[in-house]
Amino acid sequence: MSIERLSPVIVALDYHSKAEALVMADQLDPTQCRVKVGKELFTLCGPSIVEALHQRGFEVFLDLKFHDIPNTTTKAVQAAADLGVWMVNVHASGGRRMMASCREGLEKFRTPPKLIAVTVLTSMERQDLVDIGLDVEPMEHVKRLAALTRDAGLDGVVCSAQEVAVIRDICPASFNLVTPGIRPLSAEKGDQKRVMTPQEAISIGSDYLVIGRPITQANDPLKSLEDIIATLS
């Protein structure tokens with residue numbers, strides 16, 4: 001299934017059980033959003049959570065951020081493709097050979113998932129990069145990894161919305177930019193350091209917005225989703 005919808009919103013299902021995730025999914029509308037399954041939920045539930053979401057009509061972004069030797073990472077993204085997910089990701093810091101191997105590994109699929117890479121996690125600041133031996137501003141490292149991802153032939157990157165304009169300058173328009181850390185003005189920032197509102201992110205060129213707590217912790221999640229979508233029109 002691949003349906004281009006007007007809404008760029010991907011709702012993050014950050015839950016500790018399949019039951020909790022599906023309760024939330026049942027309050028959303030698969031014709032208005034996609035959903036994201038991350039490491040916690042997938043580790044607990046395995047492929048069954050993806051299958052259950054597909055049965056409800058949702059397209060799934062499997063956010064497992066694979067990072068390993070090329071052969072192992074390629075097998076992992078192929079396994080994700082076998083599940084029929086819409087999007088899957090790897091860490092760009094795994095390098096050009098790893099990313100290119102993953103892209104080539106998906107060529108045998110009739111409808112492969114979008115393959116994107118994580119640049120710099122939105123929770124990271126300059127000191128976090130220094131701590132791992134990278135004495136560089138986060139923006140410069142994002143540019144370097146985005147260019148590497150482009151050259152490896154992937155479909156796009158995950159990046160802070162505040163980095164979108166810079167990446168657009170060095171990557172083609174077809175290069176998808178997926179932005180977490182999106183918060184409506186009324187929402188708390190939480191543990192995200194580099195955040196932006198939905199309308200700001202779209203206006204500067206984000207293609208997809210990953211939004212969690214402002215929707216999933218709202219009294220009426222569907223209304224919150226619809227209110228956010230309304231601000232984008």
Side-chain angles (χ1 to χ4, degrees), residues 1-15 17-38 40-42 45 47-64 80 83-89 111-116 122 155-161 164 173-190 192 195-233:
M1 177 179 63
S2 180
I3 302 172
E4 279 304 320
R5 305 185 178 97
L6 293 178
S7 168
V9 176
I10 303 170
V11 179
L13 297 178
D14 295 326
Y15 290 98
S17 75
K18 180 178 178 180
E20 289 177 294
L22 294 182
V23 165
M24 174 51 57
D26 288 340
Q27 296 178 68
L28 302 172
D29 181 349
T31 69
Q32 298 194 63
C33 68
R34 298 174 173 92
V35 293
K36 181 177 79 68
V37 172
E40 179 184 9
L41 185 59
F42 191 81
C45 306
S48 69
I49 183 62
V50 175
E51 294 165 1
L53 292 166
H54 282 164
Q55 288 170 358
R56 286 162 169 78
F58 287 99
E59 291 185 336
V60 176
F61 169 21
L62 190 60
D63 180 26
L64 300 186
L83 293 177
V85 301
W86 164 72
M87 176 179 281
V88 64
N89 59 3
T111 308
K114 287 180 179 289
L115 178 62
I116 63 171
T122 56
D155 296 306
V157 293
V158 180
C159 65
S160 162
V164 166
S174 59
F175 194 73
N176 291 162
L177 302 185
V178 181
T179 52
I182 300 299
R183 296 284 188 276
L185 284 175
S186 57
E188 297 289 335
K189 287 177 63 177
Q192 302 286 345
V195 301
M196 189 173 285
T197 67
Q199 52 269 57
E200 288 172 335
I202 290 297
S203 68
I204 62 168
S206 293
D207 295 296
Y208 300 105
L209 311 176
V210 178
I211 304 176
R213 285 167 281 190
I215 293 174
T216 61
Q217 294 186 2
N219 290 330
D220 186 337
L222 182 58
K223 184 177 185 307
S224 178
L225 169 64
E226 292 173 340
D227 287 346
I228 290 171
I229 294 172
T231 67
L232 305 178
S233 60

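The closest donor-acceptor contact from the side chain of Asn89 to the backbone of Ile116 lies at 3.5 Å or more, if one exists at all.
Residue Ser7 holds its OG atom at 6.0 Å from CG of Leu225, rounded to the nearest 0.5 Å. Residue Glu200 holds its CD atom at 11.5 Å from CG of Leu209, rounded to the nearest 0.5 Å. The structure places CG of Asn176 at 6.0 Å from CG of Asp155, a figure rounded to the nearest 0.5 Å. The CD atom of Glu40 lies 9.0 Å from the SG atom of Cys45; values are rounded to the nearest 0.5 Å. If you take CZ on Phe58 and OG1 on Thr31, they are separated by 9.0 Å, rounding to the nearest 0.5 Å. Between Ile182 atom CD1 and Gln199 atom CD the span is 9.5 Å, to the nearest 0.5 Å.
Taking the side chain as every heavy atom from C-beta outward, Thr216 and Asp14 never approach each other to under 4.5 Å. For the pair Leu177/Val157, a side-chain contact is recorded, criterion being any heavy-atom separation below 4.5 Å from C-beta on. Taking the side chain as every heavy atom from C-beta outward, Arg56 and Leu22 approach each other to under 4.5 Å. Under the 4.5 Å side-chain criterion, counting only non-hydrogen atoms from C-beta, Ile215 is in contact with Leu28. For the pair Lys36/Tyr208, no side-chain contact is recorded, criterion being any heavy-atom separation below 4.5 Å from C-beta on. Residues Val88 and Leu83 have side chains not in contact (no heavy-atom distance under 4.5 Å, counting atoms from C-beta outward). Between Trp86 and Ile10 the shortest side-chain heavy-atom distance falls below 4.5 Å. For the pair Pro221 and Met24, the minimum side-chain heavy-atom distance is below 4.5 Å.
For the residue pair Val178 and Pro180, the shortest heavy atom distance occurs at O-CD, 3.5 Å. Annotation for Pro184 and Ile228: closest pair CG-CD1, 3.9 Å, computed over non-hydrogen atoms. Across all non-hydrogen atoms, the minimal contact from Ile204 to Val164 is O-CG1, 3.3 Å. Summarising the geometry of Tyr15 relative to Glu20, their closest heavy-atom pair is CD2-CB, 3.7 Å, with the distance given to 0.1 Å. Of all non-hydrogen atoms in Ala161 and Ala201, the two that sit nearest each other are CB-CB, 3.9 Å. For the pair Leu222 and Gln27, the tightest heavy-atom approach, listed with the atom from each and the gap, is CB-O, 3.3 Å.
For the side chain to side chain contact (heavy atoms under 4.5 Å, CB included) with Phe42, the lone residue among Val60, Val50, Asp63 that qualifies is Val50.
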Using the side chain to side chain contact (heavy atoms under 4.5 Å, CB included) rule, take Leu53 and Leu13 through it: C-alpha gap first, then chi angles, then the decisive distance, then the call.
CA-CA 11 Å; Leu53 292 166; Leu13 297 178; 3.9 Å; yes

Could you walk me through whether Ser160 and Thr179 pass the side chain to side chain contact (heavy atoms under 4.5 Å, CB included) check?
CA-CA 5 Å; Ser160 162; Thr179 52; over 6 Å; no

